[in-house]
Amino acid sequence: MAISTSTPPDGAPGHTLPAGDGTGEDGLRRRTLLHRLDVRGAPYAFVAPFFVVFAAFSFYPLVYTSWISLHRVELSTLNVMEWVGFDNYTALWDDDRFWNALINTITIGVLSTVPQLMMALGLAHLLNYQLRGSTFFRVAALTPYATSVGAAALVFTMLFERDFGMINWMLSLVGVDTIDWENNKWAAQTAISTIVIWRWTGYNALLYLAAMQAIPRDRYEAAAIDGASRWQQFLKVTVPGIRSTIVFTIVLSTIGATQLFGEPLIFGQGPNGITGGADNQYQTLGLLLYEEGWKNYQMGRAATVAWAMFLLLIAVFVVQQVVRRVLARRA
Amino acid sequence: MDKAQRKLRTRAVAAVSVVSALGLVVGCGSSDSGGTGGGKKDGKVTITMGLFGVMGFKETGLLDTYMKEHPGVVIKADVAGDEQTYYTALQTHLAAGSGLKDIQGIEIGRAKELADTQKDNFVDLADVSGTDHFLPWKQSQVTTKDKKVIGLGTDIGPMAVCYRKDLFKQAGLPTERDEVAKLWEGDWSKYVDAGQQFKQGSKDDKVAFMDTSSGLFNAMIYGHSQQFYDKQGKLIYASNPVVKDAWKLASKAATSGLTAKLRQFQPGWDPGLANSTFATTVCPAWMLAHISEKAGPKNKGKWDVAKAPQGANWGGSFLGVMEKSPVKKEAQELVAWLTAPEQQAYLFKKIGNFPSSQTALEMPDVVDAKSDYFSGAPIGQIFGAAAKEIPDEQVLGRKDGTIKDIFSQGLTLIEAQNKSPNDAWKTTDERIEKAAG
């Protein structure tokens, strides 16, 4: 194959470009070059799609967000940016709403993650028994996860409605007074956690179940021979056997909890959803970001919240790594 | 397979993957560069519209009528249910310069912001023929400083008080709409007094006098020409006596248990209408359609409409044409037609959106309109009279919509979270500072 063969037009004086027809010394060198490129270069080409997409959709936005966060800029006039340095960050640090949102994120995170993982563990343990129709139960456990956040949150919003909601109606049957789920801080956070728990318990249970099935049966048999009860078997065999999976689900749930957004937004509905309640009683960091960016249209401040969340996630990740190391060493 | 062939294949795969990865990246940048979806093709003109809420054009078949009368025109209308979502998307599209429609709806709370910051993106509609029939204040709301008109008015929201005759009766209050109007004639504080009377006389303590105090607040401030901003665009809500008075009275209503502690158009309000948990609500004309739909046939004839203590305007929208549209002329004609007196009168008859056209206000369809659902109330007369009381000048501000939401939330703090009016005011003040400062 010839790559560059060029002959000057007739009568044109002068030079000829170096020509190669692929058989001479030139060609040989080129072929080895191509071969080396092939061997060395091809793997990079194969992984390129991910990194190109990563660069375009993750890295670039990250850098751009940090650039925006140093400016005062409004959504409708993105081309007009005013440099403010780290003002947005100091303002965020001094902003009560940020700390309120941070604390809410943590409390809702704990309220939803802890019961969720406990229940998932129990559910997985039950599913791990020889059950008739176990496939049905496993699929059923996964159904809430397949439901969209929007649909789930809407249904729960109706259930938790103050005057005509089903939950208050049921509570009234046992003599509990009407609870204003939305306007009471802890009631609202509990209600939102319920949506999260409902959606994710089955998903985590299946993760645990998969890990449990990898535990050799004979360990249970040995434990049974030693006289261990079901409960003791669960504590001494099952839980240690799936420890790494538990850590994994904790990491996943923590990330999910930090980014909690859809459930509270829809739970509040309208302007109250965006601000996480009239008193910001259930505003999470995700909602604060949304409020700054898409209600106040202050992109700089929204970007600052985004970066704060990002740093927070990294901090959480580091803490978890440390905890994991310490636990592993002790084990 | 020999070695060379295999190598060739590897290379091909590599090339394809690199190209496709690049394609992904490039693809994002080059998608429709500034079009608005409309255009001319094969002798047909396509016009796209972005609308929100129940503006009625699509719902009542007006767009179909237009297409029938103009066989060469195809109209595609996207209707977003929620105005907040709609406006956010519109802002994003304006900033990006893509994804816009030929015609975009503009809510009154956003009119000033768009007129201030985006007027270059809108076609000047000042000289479109046959559009000199609007109420003068309506047109002035979308006129920029340099006399450019960025939209034509659709409806306005003159206000009245919708009330339940049966509930008034059981509380010992008059039920006839003229007598009811006399209860609070001339002063909103008399409306709250009537609430006290209602509360004392009511035999059912599950029924509140009004749905929410924020309705009262809105009604009070919108009866004045300046609310949150002054003419120079300066924030004056904190010192404006109009806002102060409205806040005082609304928080008085909120703290004395006269409200059902609901939020309008949010969960709980609709079932409240259906299950009669409140006896009155301050209602702009466009709210009648919502009430009759949600309160349902079983409450037909129990509702009535009485004149409000003071005329005010709550809501109303505009239609603007985008400068980028390839079918500007056709879009302008469509907008002029949709906002023409005949169509406005038709919409009022169909769904209760009150005309912003002076000509339409005098049409028999409007003047003689009665509502079956609301005990045959002469809504054309009641709202028409209210429309005449609306101040001739209404100063809009950039963040009017947002500030109104923040005030509603501030009143919720008092109503449902038992905060003191002073604390709630402080919180509201701080929030406005953050949102609009």
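So that the names make sense, note that chain A is the first sequence line, chain B the second, and so on, each numbered from 1.
For B/Ala260, the part lying near chain A is the backbone, with the side chain staying farther off; criterion is any non-hydrogen pair under 4.5 Å. Neither the backbone nor the side chain of A/Phe51 comes within contact range of chain B; no heavy atom of the residue lies under 4.5 Å from a heavy atom of that chain. Looking at B/Lys434, the atoms closer than 4.5 Å to chain A (heavy atoms on both sides) sit in the backbone and in the side chain alike. If you measure heavy-atom distances from A/Glu161 to chain B, the contacts under 4.5 Å come from the side chain alone.
Of the inter-residue distances, the one linking A/Asn183 atom CG with B/Glu415 atom CD reads 9.0 Å to the nearest 0.5 angstrom. Here the CG-CG distance, from A/Asp163 to B/Leu262, works out to 6.0 Å after rounding to the nearest 0.5 Å. Rounded to the nearest 0.5 angstrom, A/Gln269 CD and B/Arg263 CZ are separated by 8.0 Å. Taking CG from B/Asn418 and CG from A/Asp180, the interatomic distance works out to 9.5 Å, rounded to the nearest 0.5 Å. Expressed to the nearest 0.5 Å, how far CZ of A/Phe164 lies from OG1 of B/Thr277 amounts to 5.0 Å.
Within 6.0 Å of CE on A/Met166 lie no more than 12 heavy atoms contributed by other residues, nucleotides or ligands. Within 6.0 Å of the CG atom in A/Asp177, the count of heavy atoms belonging to other residues, nucleotides or ligands does not exceed 12. Counting heavy atoms of neighbouring residues, nucleotides and ligands inside a 6.0 Å radius, atom CZ of A/Phe261 exceeds 12 of them. For CH2 of A/Trp67, the number of neighbouring non-hydrogen atoms (other residues, nucleotides, ligands) closer than 6.0 Å is 12 at most.
Residues of residues 150-157 of chain A lying under 4.5 angstrom from chain B, judged on non-hydrogen atoms, are A/Thr157 by number. Listed in order of number, the residues of residues 204-214 of chain B that approach chain A to under 4.5 Å between heavy atoms amount to none.
Counting heavy-atom pairs under 4.5 Å between each of A/Leu37, A/Leu78, A/Asp95 and chain B puts A/Asp95 at the top. Chosen from B/Asp82, B/Thr412, B/Thr88, B/Thr92, the residue pairing most often with chain A at heavy-atom distances under 4.5 Å is B/Thr88. Considering only heavy-atom pairs separated by less than 4.5 Å from chain A, the leading option among B/Ile406, B/Asn275, B/Leu411 is B/Asn275. When each of A/Gly293, A/Pro43, A/Ala278, A/Gly41 is checked for heavy-atom pairs under 4.5 Å with chain B, A/Ala278 comes out on top.
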Can you give me every donor-acceptor pair (side chain of residues 111-118 of chain B, partner residue at least two apart or in another chain, under 3.5 Å) with its distance?
unit_1: B/Glu113; atom_1: OE1; unit_2: B/Tyr87; atom_2: OH; d: 2.9
unit_1: B/Glu113; atom_1: OE2; unit_2: B/Arg398; atom_2: NH2; d: 3.2
unit_1: B/Glu113; atom_1: OE2; unit_2: B/Lys399; atom_2: NZ; d: 3.2
unit_1: B/Thr117; atom_1: OG1; unit_2: B/Glu113; atom_2: O; d: 2.8
unit_1: B/Gln118; atom_1: OE1; unit_2: B/Asn121; atom_2: ND2; d: 2.8
unit_1: B/Gln118; atom_1: NE2; unit_2: A/Ser76; atom_2: O; d: 3.0

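A donor-acceptor contact shorter than 3.5 Å is absent between the side chain of B/Gln91 and the backbone of A/Leu75. Under a 3.5 Å cut-off, the side chain of B/Gln84 and the backbone N or O of A/Trp294 do form a donor-acceptor pair. Without hydrogens or angle criteria, A/Arg162 side chain to B/Lys261 main chain gives a donor-acceptor distance under 3.5 Å.
Listed by chain and number, the residues in a side chain to side chain contact (heavy atoms under 4.5 Å, CB included) with A/Asn296 are A/Arg97, A/Glu291, A/Glu292, A/Gln298, A/Arg301, B/Thr402, B/Ala435 (sequence neighbours excluded).
At a cut-off of 3.5 Å, with distance as the only test, no side-chain donor of B/Gln266 or A/Asn272 sits close to an acceptor on the other residue.
Taking a cutoff of 4.0 Å between a charged side-chain nitrogen and a carboxylate oxygen, A/Lys295 and B/Asp405 do not qualify as a salt bridge.
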